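These notes are about the structure you will find just below.
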Amino acid sequence: MSYGPSSVALESFASLFTKILHYTQHKNLPKGQSLHAHLIKTDISSSCIYLSNSIVNLYAKCHCLFDAHLAFQEIQNKDIVSWNCLINGYSQLGRRDSSISVLNLFKQMRRENYLPNPHTFSGIFTAVSTLEDAFSGKQAHCLGFKLGCLSDVFVGSSLLNMYCKAGGHLVDARKMFDEMPERNSVSWTTMISGYATQRLVKEALGMFRVILWERGQDVNEFVFTSVLSAIALPEFIYVGKQIHGFSLKNGFLWTVSVANATVTMYAKCGSLDDACWAFELSSEKNSITWSAIITGYAQNGDCMKALKLFSEMHLCGMNPSEYTLVGVLNACSDFDALREGKQVHGYLIKLGFVPQMYILTALVDMYAKCGNVTDARRGFDYLKEPDIVLWTSMIAGYVNNGDNENAMGMYCRLLMEGVVPNELTMVSVLKACSSLAALEQGKQIHAHIVKHGFSLEVPIGSALSTMYAKSGSLHEGDLVFRRMPARDLVSWNSMMSGLSQNGRGVEALELFEEMLLDGTRPDYVTFVNILSACSHMGLVKRGWKIFKMMSYEFGIEPRLEHFACMVDMFGRAGKLYEAKEFIESAANHVDCGLCLWRILLSACRNYRNYELGAYAGEKLMELGSQESSAYVLLSSIYSALGRLEDVERVRRLMNLRGVSKEPGCSWIELKSQFHVFVVGDQLHAQIVDIREELWRLSKLMKDEGYKPDFDPCLELEGVMDI
DNA sequence: TTAGGGTTAG
């Protein structure tokens with residue numbers, strides 16, 4: 001073998017190699033560059049393929065793929081190592097674009113008839129894992145098999161990782177793992193984290209136990225971090241504590257990655273005290289440690305604490321990573337903290353973070369959840385090819401801000417652009433359909449759910465049965481509900497609410513009993529539903545019993561909604577004085593007079609109890625009601641009682657307080673067009689035809705014996721409309 | 001005496 005110009009001594013080569021290796025290992029780019037310059041000047045490297053490859057490797061390890069590529073192209077007599085240095089340089093970046101480059105380089109290499117070896121395949125499988133491209137993965141797998149490269153433990157582990165990441169291939173992956181001729185700690189960790197991503201906790205724990213008791217030599221910090229992420233669920237907190245103790249005893253907790261995984265595990269288990277404790281005790285905090293605790297508080301609903309920790313982090317002189325900022329943005333979203341959210345947005349720009357997909361998703365989410373849909377949309381429009389998570393955030397943003405039409409429009413656009421919706425997309429559009437009572441569109445979404453193979457598990461099943469129930473299709477709603485493999489509290493609640501709202505109170509109550517037998521613990525929403533069912537069915541005794549049971553048996557303090565249901569229940573049953581007493585006793589619990597007296601006032605109108613109605617109305621006046629209907633009703637009641645001075649007084653009060661009556665309005669959607677009507681409407685293009693039809697229908701009703709209710713109070717209310 | 005795999009934060 002030639003070592004180049006004879007003037008260069010053999011030991012000089014040795015020293016050059018040592019230097020390059022050292023700079024590569026320590027990612028010392030400036031020193032590496034000057035060495036490269038020296039090599040070019042003396043023309044040493046062109047004669048030695050080892051040196052040229054090492055230069056490519058140096059740039060690749062320093063993440064300078066552009067320079068690595070240039071150095072690669074300069075090599076006249078490339079060998080497989082030259083290709084591998086470049087391919088692995090790209091694959092180690094772990095990005096989509098770089099992984100695509102890996103596959104292109106691989107194709108080019110094959111065209112130029114270079115034979116891949118195990119080093120090549122580990123890079124290829126890693127790139128395919130990043131791309132989650134099962135097709136290319138299988139092709140490469142076949143080639144690797146043909147060339148006999150799969151028995152290598154590096155190739156085996158990267159192939160295992162590829163099948164784990166592709167998802168849904170865990171059984172194949174496990175088979176592959178069991179059949180591997182050689183396994184080491186990396187193969188074990190890959191399998192454990194494969195189970196972790198699929199939330200197969202028991203399987204992950206099983207592997208952890210084996211490695212712990214049978215293969216102690218393979219236990220390292222990677223094993224701990226992956227098993228900790230696998231068990232990060234509230235029901236496994238005791239296992240988490242054992243592993244925490246074990247890692248402490250064996251000295252792994254002092255590794256920053258294990259400490260971080262421990263903080264995250266406790267936070268995801270919902271045990272913030274333990275997370276905080278692990279955070280405080282961690283000897284070496286990096287931005288991941290801070291992100292873990294900040295995100296933990298944000299996800300557990302203590303957004304104030306999350307924001308406070310962020311400023312503490314700042315005071316400690318620790319620079320946030322983009323992940324920290326995403327965690328803080330999430331805290332702002334749930335805390336409705338638009339001002340702080342905007343500050344973080346500014347921070348992201350200031351620190352020069354490239355607006356990647358997940359950062360934009362967090363921003364869109366924050367703006368939408370803080371009610372600023374316009375800015376959320378600007379964030380969405382920033383990227384040319386938003387991923388499904390970003391689409392879903394935007395759609396959910398519209399739904400949560402009540403703009404269901406735009407949500408549906410976005411969903412149609414998504415389908416037209418060929419994007420495949422995910423579970424959460426379907427849940428959001430189903431919510432939009434529920435709010436619009438758009439049964440036809442809801443059925444189409446149901447068809448998409450079947451087409452895309454989503455199961456009826458929570459949350460899709462729940463959203464679907466709610467959509468049917470709220471659109472009045474209780475039979476279909478019930479069918480979906482019964483076919484769900486498991487129901488959570490929300491699914492029970494929504495089905496109950498559907499039944500209750502559609503006049504099927506008895507069935508709602510039966511469902512409540514069934515839910516208790518099923519072992520599901522009711523929440524305050526459950527009680528709103530069943531109290532409302534009692535109210536509509538006139539079941540006063542039952543309602544009272546349930547209202548008391550709520551706090552005695554379930555420890556749920558009554559809220560405004562529950563008090564309102566009770567007053568409505570008494571009111572509908574004509575028990576007006578009981579309602580009055582109830583309101584007066586409830587006044588000790590919550591400040592809800594405005595709402596409760598208003599309900600009683602309507603009930604008094606319905607039962608023509610004008611004296612009590614006047615009493616309730618005066619209470620509303622005292623409380624400074626801003627609802628026009630309260631003033632209108634009270635003045636009508638005074639009219640009916642002949643107390644004209646009071647009529648005048650109430651009207652004056654209404655003017656004085658600037659309360660104005662909004663005209664009644666209704667709308668209907670026909671053939672994708674909305675027809676809106678307001679009181680005394682003359683503007684609709686077909687108003688003449690509409691009036692004729694109304695007249696025909698009124699006549700038909702009268703002919704069939706319908707007698708309109710001439711309540712003086714109702715009549716006067718009509719007079720006030722003009 | 002050049003090249004490869006796995007973990008934690010979203």
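Not measured: the values here are computed from a predicted model. Each chain gets a letter, A, B and so on, in the order the sequences are listed, and its residues count up from 1.
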[X] [atom1] to [N] [atom2]: how many Å, rounded?
X: N330(A); N: dA9(B); atom1: CG; atom2: P; value: 14 Å
X: I231(A); N: dT8(B); atom1: CD1; atom2: P; value: 13 Å
X: H69(A); N: dA3(B); atom1: NE2; atom2: C1'; value: 16 Å
X: K61(A); N: dT2(B); atom1: NZ; atom2: C1'; value: 10 Å
X: I49(A); N: dT1(B); atom1: CD1; atom2: P; value: 14 Å
X: L253(A); N: dT7(B); atom1: CG; atom2: P; value: 20 Å
X: E221(A); N: dT7(B); atom1: CD; atom2: P; value: 13 Å
X: N184(A); N: dG5(B); atom1: CG; atom2: P; value: 12 Å

Measure from the side-chain heavy atoms of [X] and tell me the nearest of [options].
X: S54(A); options: dT2(B), dG4(B), dG6(B); value: dT2(B)
X: P118(A); options: dG4(B), dG10(B), dG5(B); value: dG4(B)
X: S229(A); options: dT8(B), dA3(B), dG10(B); value: dT8(B)
X: Y50(A); options: dG5(B), dT2(B), dT7(B); value: dT2(B)
X: F17(A); options: dT2(B), dT8(B), dG6(B); value: dT2(B)
X: S226(A); options: dT8(B), dG4(B), dT7(B); value: dT7(B)
X: S291(A); options: dG5(B), dG6(B), dA9(B); value: dA9(B)
X: V326(A); options: dG10(B), dA9(B), dG5(B); value: dG10(B)

For [N], take OP1 and OP2 only and decide whether either is under 4.0 Å from a side-chain N or O of [X].
X: T295(A); N: dG10(B); answer: yes
X: K165(A); N: dT7(B); answer: yes
X: S157(A); N: dG6(B); answer: no
X: N84(A); N: dG4(B); answer: no
X: N57(A); N: dA3(B); answer: yes

Review point. Strictly under 6.0 Å, is that where the ring centroids of Y266(A) and W277(A) end up?
Key: no
Looking for any heavy atom pair under 4.0 Å, which part of the strands does [X] touch: base, sugar-phosphate only, or nothing?
X: V155(A); answer: base
X: V81(A); answer: base
X: Q92(A); answer: sugar-phosphate
X: V223(A); answer: nothing
X: T361(A); answer: nothing
X: T126(A); answer: sugar-phosphate

Inspect the surroundings of CD in E385(A) and state if more than 12 heavy atoms from other residues, nucleotides or ligands are less than 6.0 Å away. no
Answer yes or no: are there more than 12 heavy-atom neighbours, outside R215(A) itself, under 6.0 Å from its atom CZ?
yes
Closest heavy-atom pair, T289(A) versus E284(A), reported as atoms and distance to 0.1 Å, is OG1-O, 4.1 Å
Residues at least two apart in sequence or cross-chain that pass side-chain hydrogen bond (donor to acceptor under 3.5 Å, both in side chains) with N319(A), listed by chain then number, are none
Point to revise | Side chain N117(A) and base dA3(B) donor-acceptor under 3.5 Å | key: yes
Self-check item: dA9(B) base stacked by Y323(A) (centroids within less than 5.5 Å, tilt under 30°)
Solution: no
query: What is the ring orientation for F72(A) with H69(A), classed by angle as parallel under 30°, tilted 30 to 60°, or perpendicular over 60°?
result: perpendicular
Check: Between Y195(A) and K202(A), does a side-chain contact (heavy atoms from CB on, under 4.5 Å) hold up when you go through it step by step?
Finding: CA-CA 9 Å; Y195(A) 284 133; K202(A) 288 188 179 137; over 6 Å; no
